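Before anything else, here's the structure in question.
Within every chain, numbering begins at 1; the chains are lettered A, B, ... in the order of the sequence lines, protein sequences first and strands thereafter. Computed from a predicted structure; not experimentally measured.
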Amino acid sequence: MIETKDILETINMIENEHLDVRTVTMGISLLDCIDSDIDKACDKVYDKICRYAKDLVKTAEDISKEYGIPIINKRIAVTPIAMLASVCQTQKITKFAKVLDKAAQELGVDFIGGYSALVEKGFASGDYALIESIPEALSITNKVCSSVNIGSTKAGINMDAVKMMGKIVKESAELTKDRQCIGAAKLVVFCNAVQDNPFMAGAFHGVGEADCVINVGVSGPGVVRAALAKAQDCDITGVADLVKKTAFKITRMGQLVAQEASKRLSVPFGIVDLSLAPTPAVGDSVAYILEEMGLEVCGCHGTTAALALLNDAVKKGGVMASSHVGGLSGAFIPVSEDAGMIHAAKTGALDITKLEAMTAVCSVGLDMIVVPGDITPETISAIIADEAAIGMVNTKTTAVRIIPAIGMEAGDELNFGGLLGYGPVMPIRYGDPTKFVNRGGRIPAPLQALKN
Amino acid sequence: MKAVITVLGKDSVGILAKVSSACAEEGVNIIEVTQSVMQDLFAMIMLADIKDSKIPLDELKKKLDKVGEEMGMKVHVMHEDIFNSMHKI
């Protein structure tokens, strides 16, 4: 029989330490829905999504009940819509956003991602129109998430797209200023975007993927923190070992859910994403893990080293627990979604420059950071370029999801509610990067790209 | 299919009897029982075969939750696989 202490440990993880499966995400290819008539394309998109995902929510809920594991979100990721838009003879691309939203509403999923374009090397037909339509698309829908990949280690950084995205992020916030600028919270700008990420807002279904797959994102910062709290005074090698062991257990649960969902839905299992994803609930914070390691407050000197250790140990522990690991897999540091980060940002211990340093060693990038509403599009572009450079040179995914708080300044607060949380407006650095941003062109791929 | 039923709380008379009779009413066969008292906390863990259960797992869960509530105990019913996958390689 299973040992008593193991059973009690699992129950304690779920009851008291917020262990959960963050998301079961179904990836659906829309390549066979392409049509030069946008209305016909939209009909095909709606039909295919509703047909493939009709049992997604119910199946996830059944698994959740049967196994006693909370599954927080059910989501859908689709082929980047720019590919469908490329053949449509219309500028009314937002019809695609509406149809995605309608399907998500109908199916009862929490988010649908893939209102996306991949422009790391240049704009293909459809990309430009789609990106231009993002602010409107995010303002007229509730569940649609958008992402744009503007750089990669292999391709370099498309500075024309970087310039454009500064404007798009600002507009997305402006169009939703009466709703806490939520538009910008549903938009991610990537470098080295991954094709099988189950987490929002950056999920899309890559073109190299199968017709339909199930990807699962686990969570569990609270569990890791509790394990470290029990360990007390071990040395840093002991800390890494403990994180690994805990990550292994968390991932095994994700693997179980993924396999079961895949079997019940008759859809191939894609990957388990090992990410430690915080929520605003107290006790479910990545920042508190770092503090548990011995930092007075997240953001003080030592934070980057602690995060590097955490990110690496999570991967090492998780990789053996799942047959296919993918997505972003590491530790997320979204400020507004993490009680510890919110606290650190409010007290001034954590600022945007420290966060930028942290993104060199965490799994994504500058995430859910609220910035003053008077930020210029060029400064947003420059923030994106900095972040993309870190990703490009380190051969890792980086992302920018910042929310200009229109009409607000440093010290004010935006509240998105739910998993997106709330966050203080954080000051940005002084100086104008306009001339640099306006140069356009492409940052050449770094030497790291030439591996063949 | 097997389920692990865990009963946690303050020790009192008749816990095992009440939980096992609720299981028996639904055709749930208890295969193994272990119990221990840690400090004041009483923990009873049962491995139950639910393949002949008359009701689905989530209803069994609700029923045992109620039994637990009446005794002031917390009852969890979970699929055996979750423990096997988390704690065994």
Side-chain angles (χ1 to χ4, degrees), chain A residues 1-17 19-21 58-71 216 218-220 223-224 227 244-261 263-264 269 272 317-323, chain B residues 1-11 15-16 19 26 28-51 53 55-65 68-69 73-89:
Chain A
M1 186 167 167
I2 315 148
E3 283 188 43
T4 309
K5 73 172 179 36
D6 292 340
I7 293 174
L8 295 179
E9 183 189 42
T10 301
I11 290 173
N12 191 39
M13 281 178 178
I14 294 171
E15 285 277 297
N16 303 321
E17 296 164 3
L19 177 63
D20 57 51
V21 166
K58 189 181 174 298
T59 304
E61 280 169 1
D62 286 350
I63 293 172
S64 179
K65 273 188 215 149
E66 208 164 292
Y67 285 85
I69 308 163
I71 299 176
V216 165
V218 296
S219 180
V223 182
V224 176
K244 275 199 292 192
K245 285 178 191 158
T246 314
F248 176 83
K249 290 176 187 168
I250 296 170
T251 310
R252 291 287 279 189
M253 195 186 70
Q255 169 83 8
L256 178 70
V257 168
Q259 276 174 333
E260 198 57 30
K263 194 171 87 192
R264 293 188 190 189
F269 157 57
V272 172
V319 84
M320 191 179 152
S322 169
S323 45
Chain B
M1 180 176 133
K2 288 177 195 145
V4 175
I5 302 167
T6 318
V7 186
L8 298 169
K10 209 168 172 306
D11 198 5
I15 296 172
L16 178 60
V19 176
E26 305 303 341
V28 171
N29 181 28
I30 294 163
I31 306 167
E32 233 182 291
V33 182
T34 58
Q35 60 177 50
S36 54
V37 180
M38 286 173 288
Q39 289 160 352
D40 262 353
L41 183 80
F42 168 85
M44 179 175 78
I45 294 166
M46 298 170 138
L47 186 66
D49 188 342
I50 53 169
K51 76 172 189 305
S53 174
I55 52 175
L57 189 66
D58 58 318
E59 277 178 42
L60 179 69
K61 210 184 254 183
K62 278 183 207 151
K63 182 174 174 140
L64 292 178
D65 264 350
E69 246 171 57
M73 313 280 288
K74 187 96 184 136
V75 180
H76 297 271
V77 184
M78 290 165 84
H79 200 295
E80 179 199 33
D81 282 357
I82 182 159
F83 302 104
N84 284 333
S85 66
M86 273 179 94
H87 299 286
K88 288 183 185 170
I89 296 178

Identify the residue among A:Glu3, A:Arg252, A:Glu9, A:Lys5 that makes a side-chain contact (heavy atoms from CB on, under 4.5 Å) with B:His87. A:Glu9

B:Ile82 versus A:Met253: any side-chain heavy-atom pair under 4.5 Å? yes

Which residue out of B:Asn84, B:Leu60, B:Thr6 racks up the most heavy-atom pairs below 4.5 Å with chain A? B:Thr6

The test is side-chain contact (heavy atoms from CB on, under 4.5 Å); show your working for B:Met78 and A:Ile11 and say whether it passes. CA-CA 9 Å; B:Met78 290 165 84; A:Ile11 290 173; 4.1 Å; yes

Pick one of side chain, backbone, both or neither for B:Asp81, based on which atoms fall under 4.5 Å of a heavy atom in chain A. both

Give the intermediate values and the outcome of side-chain contact (heavy atoms from CB on, under 4.5 Å) for residues B:Ile89 and A:Met320. CA-CA 9 Å; B:Ile89 296 178; A:Met320 191 179 152; 3.9 Å; yes

Can you tell which part of B:Ile31 gets under 4.5 Å to a heavy atom of chain A, answering side chain, backbone, both or neither? neither

Which residues pass the side chain to side chain contact (heavy atoms under 4.5 Å, CB included) test with B:Lys61, not counting sequence neighbours? B:Val77

Close side-chain approach of B:Met86 to A:Leu256, heavy-atom, < 4.5 Å: no

Using side-chain heavy atoms (C-beta onward) and a distance below 4.5 Å, is B:His79 in contact with A:Glu260? no

NZ of B:Lys2: more than 12 outside heavy atoms within 6.0 angstrom? no

Going by heavy atoms in the side chains, are B:Leu8 and A:Leu8 under 4.5 Å from each other? yes

Given a strict heavy-atom distance threshold of 4.5 Å, which part of A:Ile63 is in contact with chain B: side chain, backbone, both, or neither? neither

Is A:Glu15 in contact with chain B via its backbone, its side chain, both, or neither, using a 4.5 Å heavy-atom distance? side chain

Between B:Pro56, B:Ala43, B:Ser36, B:Ser85, which has the largest tally of heavy atom pairs under 4.5 Å with chain A? B:Ser85

Quick one: side-chain hydrogen bond (donor to acceptor under 3.5 Å, both in side chains) partners of B:Glu80, sequence neighbours excluded? none

